[in-house]
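A note on names: the letters A, B, ... follow the listed sequences, proteins ahead of strands, and every chain is numbered from 1. Since this is a predicted model, take the numbers as computed values, not measurements.
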2 protein chains.
Amino acid sequence: MGTRHNVVPQGGKVRKSTDRDESQEELILEAAKRVFFRKGYAAARMQEIADEAGANKALVHYYFRNKEKLFHHIFKSSFKAFWPSLESVFVGEPDVRQLLKALISLYVDLLEKMPYLPNFIITEINRDPEKVAGLIKETGIQPEKLMAVIGKAMSQNQMVKMDPRELILNTVGMCVFPVITRPLLGYMLWPDEGAYEKYLSGRKASLFAFVCRATGLEVDKN
Amino acid sequence: MGTRHNVVPQGGKVRKSTDRDESQEELILEAAKRVFFRKGYAAARMQEIADEAGANKALVHYYFRNKEKLFHHIFKSSFKAFWPSLESVFVGEPDVRQLLKALISLYVDLLEKMPYLPNFIITEINRDPEKVAGLIKETGIQPEKLMAVIGKAMSQNQMVKMDPRELILNTVGMCVFPVITRPLLGYMLWPDEGAYEKYLSGRKASLFAFVCRATGLEVDKN
DNA sequence: CTTTACTTTGACCAAATGGTTAAACTAAAT
DNA sequence: ATTTAGTTTAACCATTTGGTCAAAGTAAAG
């Protein structure tokens with residue numbers, strides 16, 4: 001198979017990158033991601049990953065020592081992705097309404113692109129909770145900021161008082177649930193061809209309206 | 001091991017039941033349920049099931065031919081359980097408010113007893129959607145009745161108009177999500193000892209209130 | 001007691017699977 | 001050209017795992 005090498009001259013002894021259009025290491029990583037996503041850890045096979053990456057099984061081990069390490073690698077980045085970058089929303093004075101809108105929007109978009117993510121994470125949460133605990137600290141994820149904004153709005157009577165954590169859970173739960181049960185919904189609630197997709201397209205707005213009503217925020221504003 | 005046999009005299013050649021305090025077949029089934037619940041199909045081991053049932057591995061195959069059939073057996077009954085018996089709520093004239101209250105109550109109670117159920121079902125939905133399709137028809141589950149009551153209440157302006165399916169999804173989703181993400185929540189949102197359990201105990205009421213507000217129903221009534 | 005029919009077990013098997021190793025290969029550096 | 005260091009492969013291995021089988025066990029029926 002055609003192997004072209006690009007040179008990135010550097011000091012020291014670093015030569016490393018035998019980059020192709022896309023390095024094998026990266027191809028393997030992407031293949032592994034796909035396989036782990038659709039099969040889960042236990043059912044995923046190193047051979048299948050190798051095949052899908054167009055590589056040898058031993059090469060997979062060469063780059064990522066073993067199955068567990070390879071999985072950890074992927075899980076880590078996936079887990080981070082599941083904490084959508086809400087940072088951008090926090091610029092300027094944070095408005096609860098906009099914040100919730102952004103939260104829903106971010107999750108709906110993310111889940112449309114990566115519908116396997118929730119089930120993947122959930123499976124691993126149950127398989128090895130200890131690991132996830134460590135991961136959380138590594139990633140430095142902290143929902144405190146989000147909760148603070150919500151809590152403040154509640155104390156100022158801008159919205160119905162409730163446990164901010166519960167509001168977040170409810171919101172994210174409603175975003176995620178239709179995605180993880182999608183195969184079922186196609187049979188049970190949206191049997192018509194394309195009906196589910198149609199529902200999805202309007203979900204962002206209807207979900208936001210639902211949350212607004214539940215929290216006492218204005219549904220429409222500007 | 002002590003093997004006592006009870007006799008249930010019968011006509012014909014039926015002798016069958018070598019019932020003990022609890023027949024081996026049932027013990028195996030229960031063990032399999034536990035193992036499948038916590039490991040998922042792929043990671044579950046026939047040996048582990050046998051061990052946990054205090055039986056021989058070959059015996060497991062004797063009763064349930066193979067892993068797939070054993071799993072199917074369990075999945076079928078579990079899947080049915082996940083459709084809580086709302087029938088009891090339909091006696092008399094169905095009131096939407098009471099119906100939603102019952103739906104939430106049923107799910108919260110069910111999930112407290114069987115927290116592994118959702119993840120178990122979700123995993124299988126993704127592993128073999130075809131099978132689930134057939135299963136749904138077998139079980140004869142039909143959410144139509146529930147949806148009809150909701151739809152009627154909406155057309156009578158007793159509550160905010162929206163897609164009844166979406167309301168059901170939202171409601172069930174909020175019930176289920178905290179359960180499937182429980183291991184995570186312990187670390188992230190309710191780190192204090194016993195704090196999550198405390199939250200759970202009040203969830204039934206707060207969830208119902210949330211849904212009432214979102215749908216425009218009265219939170220308190222009688 | 002003997003037969004009958006179900007139950008239980010230990011030994012065994014073929015296939016799959018994660019992982020290893022030594023050798024071949026490739027391209028940059030000397 | 002030779003060395004050097006990372007890359008790739010084929011062959012191989014040990015273990016696990018789902019599954020089988022023939023033999024032994026057991027209680028009720030004849």
Side-chain angles (χ1 to χ4, degrees), chain A residues 1-29 31-32 35-36 39-74 127, chain B residues 1-29 31-32 35-36 39-74 127:
Chain A
M1 298 132 197
T3 10
R4 266 162 296 113
H5 282 235
N6 308 330
V7 193
V8 183
Q10 261 175 293
K13 55 157 140 178
V14 184
R15 178 155 33 82
K16 190 156 189 167
S17 61
T18 315
D19 301 309
R20 317 172 161 202
D21 297 25
E22 207 159 359
S23 72
Q24 275 292 60
E25 186 173 358
E26 195 137 332
L27 282 181
I28 290 172
L29 209 54
V35 174
F36 277 131
K39 296 288 187 82
Y41 179 83
R45 300 291 164 233
M46 295 299 271
Q47 186 61 59
E48 189 177 351
I49 292 172
D51 290 346
E52 197 150 327
N56 188 292
K57 194 180 61 159
L59 192 57
V60 180
H61 282 86
Y62 169 73
Y63 280 117
F64 303 94
R65 195 70 185 167
N66 59 38
K67 189 182 181 182
E68 184 69 33
K69 283 204 170 60
L70 173 56
F71 183 80
H72 185 75
H73 204 96
I74 289 165
R127 197 177 70 89
Chain B
M1 298 133 198
T3 10
R4 266 162 296 111
H5 283 234
N6 307 329
V7 194
V8 183
Q10 262 174 293
K13 55 156 138 177
V14 184
R15 176 152 39 78
K16 192 157 187 166
S17 61
T18 316
D19 301 310
R20 318 174 159 201
D21 298 26
E22 206 160 359
S23 71
Q24 275 291 62
E25 186 173 358
E26 195 136 335
L27 283 182
I28 290 171
L29 209 54
V35 175
F36 277 131
K39 297 287 187 82
Y41 180 83
R45 301 290 164 232
M46 295 299 271
Q47 187 60 58
E48 189 177 352
I49 292 172
D51 291 346
E52 197 150 327
N56 187 295
K57 192 180 62 160
L59 191 58
V60 180
H61 282 87
Y62 169 73
Y63 279 117
F64 304 93
R65 196 69 184 167
N66 59 38
K67 189 181 181 183
E68 186 66 34
K69 283 204 170 60
L70 173 56
F71 183 80
H72 185 75
H73 204 96
I74 289 165
R127 198 177 70 89

In whole angstroms, how far is the [atom2] atom of [N] from the [atom1] atom of [X]?
X	N	atom1	atom2	answer
Phe64(B)	dT7(C)	CZ	P	11 Å
Met46(B)	dA15(C)	CE	P	19 Å
Lys39(A)	dA16(C)	NZ	C1'	13 Å
His61(A)	dA10(D)	NE2	P	16 Å
Gln24(B)	dT7(C)	CD	P	11 Å
Tyr62(A)	dA22(C)	OH	C1'	15 Å
Asn56(A)	dT8(D)	CG	P	10 Å
Lys57(B)	dC13(C)	NZ	P	13 Å

Please tell me if Tyr63(A) has a side-chain N or O lying less than 4.0 Å from either OP1 or OP2 of dT8(D).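 Checking dT8(D) against Tyr63(A), a side-chain N or O does come within under 4.0 Å of OP1 or OP2.
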Would you tell me if any nitrogen or oxygen in the side chain of Arg45(B) comes within less than 4.0 Å of OP1 or OP2 on dG18(D)?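 Yes, because at least one side-chain N or O of Arg45(B) sits under 4.0 Å from OP1 or OP2 of dG18(D).
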Say whether, by atom type as modelled, one donor and one acceptor occur between the side chain of Lys67(B) and the main chain of Tyr41(B) under 3.5 angstrom.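 Indeed, once roles are kept as given, a pair shorter than 3.5 Å links the two residues.
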Do the non-hydrogen side-chain atoms of Leu29(A) and Tyr63(A) ever get within less than 4.5 Å of each other?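 They are not in side-chain contact.
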Aromatic rings Phe71(B) and Phe36(B): how do their planes relate, parallel, tilted or perpendicular, breaks at 30° and 60°?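 Ring orientation, 0 to 90° scale: perpendicular.
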With sugar-phosphate meaning primed atoms plus P, OP1 and OP2, does [X] contact a base, only sugar-phosphate, or nothing at under 4.0 Å between heavy atoms?
X	value
Asn66(B)	sugar-phosphate
Ala42(B)	nothing
Ala44(A)	sugar-phosphate

Kindly compute the distance separating CG (Leu70(B)) from NE2 (His61(B)), expressed to the nearest 0.5 Å.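 That separation rounds to 9.0 Å.
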Does Lys67(A) get its side chain close enough to the base of dG19(C), under 3.5 Å, for a donor-acceptor pair?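 Counting by modelled atom types and ignoring angles, no donor-acceptor contact under 3.5 Å is found here.
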On DNA chain C, check which nucleotide each of Arg65(A) and Ala43(A) is closest to and give me the residue with the more 5' one.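 Nearest nucleotide further toward 5': that of Ala43(A).
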Under 6.0 Å from the NE2 atom of His72(B), do we count more than 12 heavy atoms belonging to anything else shown?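 More than 12 heavy atoms, drawn from other residues, nucleotides or ligands, come within 6.0 Å of this atom.
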